[in-house]
Amino acid sequence: MAQSTVPQTASSPIPVRKTPRDRWSNFRKYKALYLLSIPGILYFLLFKYVPLLGSVMAFQDYSIFKGYLGSPWVGLAHFERMFQYPDFLRILKNTLLLAFYSLGIGFPVPIILALLLNEIRRMFFKRTLQTVLYLPHFLSWVVIGGIAIEILSPRTGIVNNILTSLGFDSIYFMGENSYIRTILVSSGIWKDAGWGTIIYLAALTGINPDLYEAAEMDGASRWRQTLSITIPAILPTVTILFLLQIGHFMDFGFERVLVFLNTLNSQNGEIIDTYIYSAGLLDRQYSYTTAIGLFKSVVGLVLIVSGNWLSKKMTGEGLY
Amino acid sequence: MMLLTGLLASCADSSGNQEDTASGDGPAVTKFTMAKGTLAMKAVESVDDMNKDKWVLEMEKRTNTDIQIQLIPHKDFGEKISLLFAGGELPDVLVGNTTPTANSMKGAVEAGLFMPLEDLLETHGQNLLKTIPKEVWDSVTYNGHIYSIPQYLSVQSRRATFIRSDLLEKAGVEAPKTIDDLLPVLRAFKKIGVEQPFGFRENFKYADFILGAYDVLPYSTMYEKQGDEIVPKFFDSENMMKALEIYKAMYDEGLMAQDFATITGAMWTKNRDAGKVGIYNANANQLGTYQSELSLAVPEGKLEMIASPTGPDGKGGMMLYSNTLEQAYLNAKLDKTKAEGIVKFFDYMATEEGAKFFTFGIEGEDYTVENGEIKYNAPTDEEGRLSEQRRDWLWLIKDNAYNKEKLPFEPKGVEMLKGFETILPSEGRAGFFFTPELDSYLQYPDLAPNFDEPSKFILGHMIKMIYGTENISDWPKVIEEWRASGGNEIIKEATERYNNKEGVQIGPDAHVE
């Protein structure tokens with residue numbers, strides 16, 4: 001994907017109006033490609049669009065024993081209840097803040113990492129470093145949660161052992177509202193930043209080495225080369241990935257928060273997904289939590305549409 | 001490990017033989033599936049394949065059944081049950097841990113997912129009807145039908161206070177008798193280097209005799225009458241604040257772990273077994289097991305069951321259990337012969353022969369009878385103990401308070417028996433409770449308490465007050481806030497139910513003003 005986006009920027013595409021006949025011949029020409037896309041389309045229909053019908057639950061008093069047809073309709077009652085719930089704004093704020101932090105802080109990290117890795121000349125060192133950076137991606141959140149809680153424990157954790165040996169008081173990191181967002185965002189970066197570099201590294205290899213040679217001839221420093229060649233070359237990739245990220249803006253992830261939550265930090269840590277889990281699955285409030293989920297999806301949709309619009313305006317690049 | 005594999009292999013063989021004989025002659029084998037919680041028992045959760053366990057195979061042979069057991073991890077029990085209902089794929093037998101009137105089961109029972117059992121019990125469950133007390137049958141009856149075959153508890157005070165008597169000796173102090181004696185004892189423990197004199201665990205689980213002493217346990221069976229309203233016991237601000245002060249003092253003075261709010265059950269168990277904890281609550285019948293675990297880490301460690309420290313009214317203890325725990329629900333879709341076979345299977349558990357099998361195992365192998373007296377070869381190694389626990393786990397229909405026959409053979413058995421007969425019957429707290437549960441809990445899930453856990457709302461404030469981010473003196477404000485965010489609806493429903501005498505139960509020893 002990265003390789004294909006890079007050359008595109010060089011030649012600006014000329015819009016051509018197509019007749020239906022052209023389309024048909026297009027279809028014949030790329031028959032194999034269309035056939036290949038069928039499983040993907042089916043997947044989306046079956047697992048993404050059909051379940052959307054389940055959203056009617058949000059407008060019913062759904063009982064799992066009566067089903068969609070037997071449950072009474074209640075209109076917007078669940079949405080009203082959601083906005084009246086005293087903690088709803090707090091949870092929404094947490095969700096948005098966490099999403100914002102993880103996008104704002106978490107998104108640039110893989111780019112920087114990729115640029116740094118790209119500068120390493122020793123292949124062996126680079127490979128090893130890359131592997132070490134990837135590794136956390138393959139751990140589950142439960143494991144990462146366990147590790148983080150142990151490391152940050154006020155009695156046995158290494159962080160507090162260092163703090164106390166330097167003469168500071170030990171801090172109950174998991175017990176303070178003020179730390180939870182930092183912990184959530186940074187554990188996410190630790191887990192996935194290395195993995196995220198893969199696409200950027202691929203984009204970097206797609207840059208024509210002639211450009212660097214020419215720049216060197218002109219006497220450009222490494223820093224100058226990075227600014228004027230590398231970054232512009234990977235910018236389309238960055239834009240696409242950024243837009244994809246925005247689409248997942250509200251999907252901060254449910255289990256990665258759940259494993260860190262406790263009574264003392266849930267004030268700042270609880271997000272919509274964890275609330276849906278506890279109210280919906282544990283307390284069996286299916287309709288109510290479907291309404292919340294639907295609301296979340298609508299917010300996500302608005303974000304991606306406006307993000308795409310903005311990006312098209314500013315960079316000419318868009319998802320669709 | 002080798003031994004285990006060998007055992008499994010030999011079991012697999014015997015299962016083959018058994019099926020052959022069963023199909024050859026005698027009545028047809030009843031084949032069914034059964035989902036049952038693991039109860040967080042290592043003995044159960046560590047097994048590779050429960051269906052090949054020695055005791056399962058032996059049980060099947062004796063009851064002429066072929067059971068496919070599905071284990072439900074204890075930790076996600078509620079979630080898994082919700083998913084089972086939502087998925088519509090119920091097993092033939094579901095072993096639940098609540099009565100048909102509890103909110104978690106009520107919907108399913110009303111929807112007709114489970115079979116009414118009166119007639120089947122009449123024809124095939126006479127031993128069950130005889131053994132299980134009538135009050136227990138009443139608690140599993142909903143709309144005039146019996147919906148489950150229940151375990152029962154002859155002593156409803158199930159949780160007790162355990163203390164390390166070797167530490168008491170070492171520190172030169174006596175076990176606390178009243179709640180005022182508690183802090184001095186804990187401080188003495190701290191002085192001799194006990195890491196966590198008090199064993200706090202998240203959500204106050206097994207760490208709540210202090211709340212019990214002040215009679216302010218914030219649980220679902222703990223409502224009382226104040227004026228003309230039925231309110232939760234934590235409305236007693238004066239006593240609630242006293243109890244919280246004690247927890248706070250323990251936290252401030254380092255008498256419990258500094259990360260108390262995040263001590264999970266697993267961490268608590270680890271600390272306890274490593275001998276780092278001085279005093280804590282536990283199920284009384286675990287005294288022997290916990291002692292054995294402790295002895296592995298601290299050979300001189302001595303664990304003792306004491307009367308829970310008493311509060312201002314001279315009473316103490318934790319919440320009393322209802323008279324039933326686990327219970328078997330039968331899928332309504334079962335055909336008649338299968339359902340009969342299953343009732344017969346449970347009926348075996350209530351026979352004298354069944355009790356003997358589940359208590360002592362196989363005659364000649366695990367016990368011998370000499371002059372009419374049973375000589376039990378109690379297991380001495382870990383694998384043997386776990387196997388014994390699995391046998392007990394399989395025994396669903398029994399008096400789960402204590403096993404009078406077996407206790408004397410267990411480590412600390414005589415002491416436990418004494419505890420069950422002298423200490424536990426005179427302690428424990430109860431209040432008004434509601435079956436079916438209050439509907440307003442569904443509307444305000446944050447305010448809904450569990451049987452042994454405070455509601456999320458109350459828990460949050462309690463923990464924050466102990467940690468020091470909120471003032472304990474603000475407890476009356478917490479009550480106001482609780483009322484405002486839906487509590488008034490709960491009180492209204494509770495009071496109406498009380499006035500109309502609809503499904504209100506008054507626990508033994510409840511304070512009725």
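Values reported hereafter were calculated over all heavy atoms of this structure, with side chains retained and with hydrogens, waters and symmetry mates removed. Lettering of chains follows the sequences in order, A, B, ..., and the numbering in each one begins at 1.
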Report the distance from atom [atom1] of [X] to atom [atom2] of [Y], rounding to the nearest 0.5 Å.
X	Y	atom1	atom2	value
Phe173(A)	Ile183(A)	CZ	CD1	7.5 Å
Leu261(A)	Leu184(A)	CG	CG	7.0 Å
Phe114(B)	Leu94(B)	CZ	CG	5.0 Å

Inset, instruction - Would you please indicate yes or no on a ring centroid separation below 6.0 angstrom for Phe88(A) and Phe83(A)? - result: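 Yes.
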Inset, instruction - Mind telling me whether Tyr147(B) and His145(B) have parallel, tilted or perpendicular rings, with 30° and 60° as the class edges? - result: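 Because their plane-to-plane angle is over 60°, the rings of His145(B) and Tyr147(B) count as perpendicular.
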Inset, instruction - Specify which of Ala108(B), Gly78(B), Ala86(B) makes the most heavy-atom pairs with chain A at under 4.5 Å. - result: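 Counting heavy-atom pairs under 4.5 Å, the top option is Ala108(B).
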Inset, instruction - With a 4.5 Å cut-off on heavy-atom pairs, point out which of Gly460(B), Ala257(B), Ala111(B), Gly107(B) contacts chain A the most. - result: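 Sorted descending by pairs with chain A, the first entry is Gly107(B).
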Inset, instruction - Please flag which part of Ile466(B) lies under 4.5 Å from any non-hydrogen atom of chain A: side chain, backbone, both or neither. - result: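 Neither part; nothing is under 4.5 Å.
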Inset, instruction - Would you mind checking which part of Ile81(B) comes under 4.5 Å of any heavy atom in chain A, side chain (CB onward), backbone (N, CA, C, O), both or neither? - result: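 Contact with chain A: none, neither part.
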Legend entry - Heavy-atom closest contact (Gly254(B) atom, Pro197(B) atom, distance):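 Here Gly254(B) and Pro197(B) meet closest at O-CD, 4.2 Å.
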Legend entry - Heavy-atom closest contact (Met174(A) atom, Leu152(A) atom, distance):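 Minimum heavy-atom contact is SD-CD1, 4.3 Å.
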Only pairs under 3.5 Å, no angle test: what donor-acceptor pairs are there between chain B and chain A?
{"from": "Glu79(B)", "atom 1": "OE1", "to": "Tyr277(A)", "atom 2": "OH", "distance (Å)": "2.8"}
{"from": "Ser82(B)", "atom 1": "OG", "to": "Leu281(A)", "atom 2": "O", "distance (Å)": "3.2"}
{"from": "Glu195(B)", "atom 1": "OE2", "to": "Arg155(A)", "atom 2": "NH1", "distance (Å)": "2.9"}
{"from": "Asp259(B)", "atom 1": "O", "to": "Tyr172(A)", "atom 2": "OH", "distance (Å)": "3.1"}
{"from": "Asp259(B)", "atom 1": "OD1", "to": "Arg155(A)", "atom 2": "NE", "distance (Å)": "3.0"}
{"from": "Ala261(B)", "atom 1": "N", "to": "Tyr172(A)", "atom 2": "OH", "distance (Å)": "3.2"}
{"from": "Thr262(B)", "atom 1": "N", "to": "Tyr172(A)", "atom 2": "OH", "distance (Å)": "3.1"}
{"from": "Thr262(B)", "atom 1": "OG1", "to": "Tyr172(A)", "atom 2": "OH", "distance (Å)": "2.7"}
{"from": "Leu442(B)", "atom 1": "O", "to": "Gln285(A)", "atom 2": "NE2", "distance (Å)": "2.1"}
{"from": "Gln443(B)", "atom 1": "O", "to": "Arg81(A)", "atom 2": "NH2", "distance (Å)": "3.0"}
{"from": "Asp446(B)", "atom 1": "OD2", "to": "Tyr85(A)", "atom 2": "OH", "distance (Å)": "2.3"}
{"from": "Lys456(B)", "atom 1": "NZ", "to": "Glu270(A)", "atom 2": "OE2", "distance (Å)": "2.9"}
{"from": "Tyr467(B)", "atom 1": "OH", "to": "Glu176(A)", "atom 2": "OE2", "distance (Å)": "2.9"}

Inset, instruction - Run the numbers on Tyr219(B) and Asp208(B) for side-chain hydrogen bond (donor to acceptor under 3.5 Å, both in side chains), then give the verdict. - result: CA-CA 11 Å; Tyr219(B) 304 143; Asp208(B) 49 2; 2.6 Å; yes
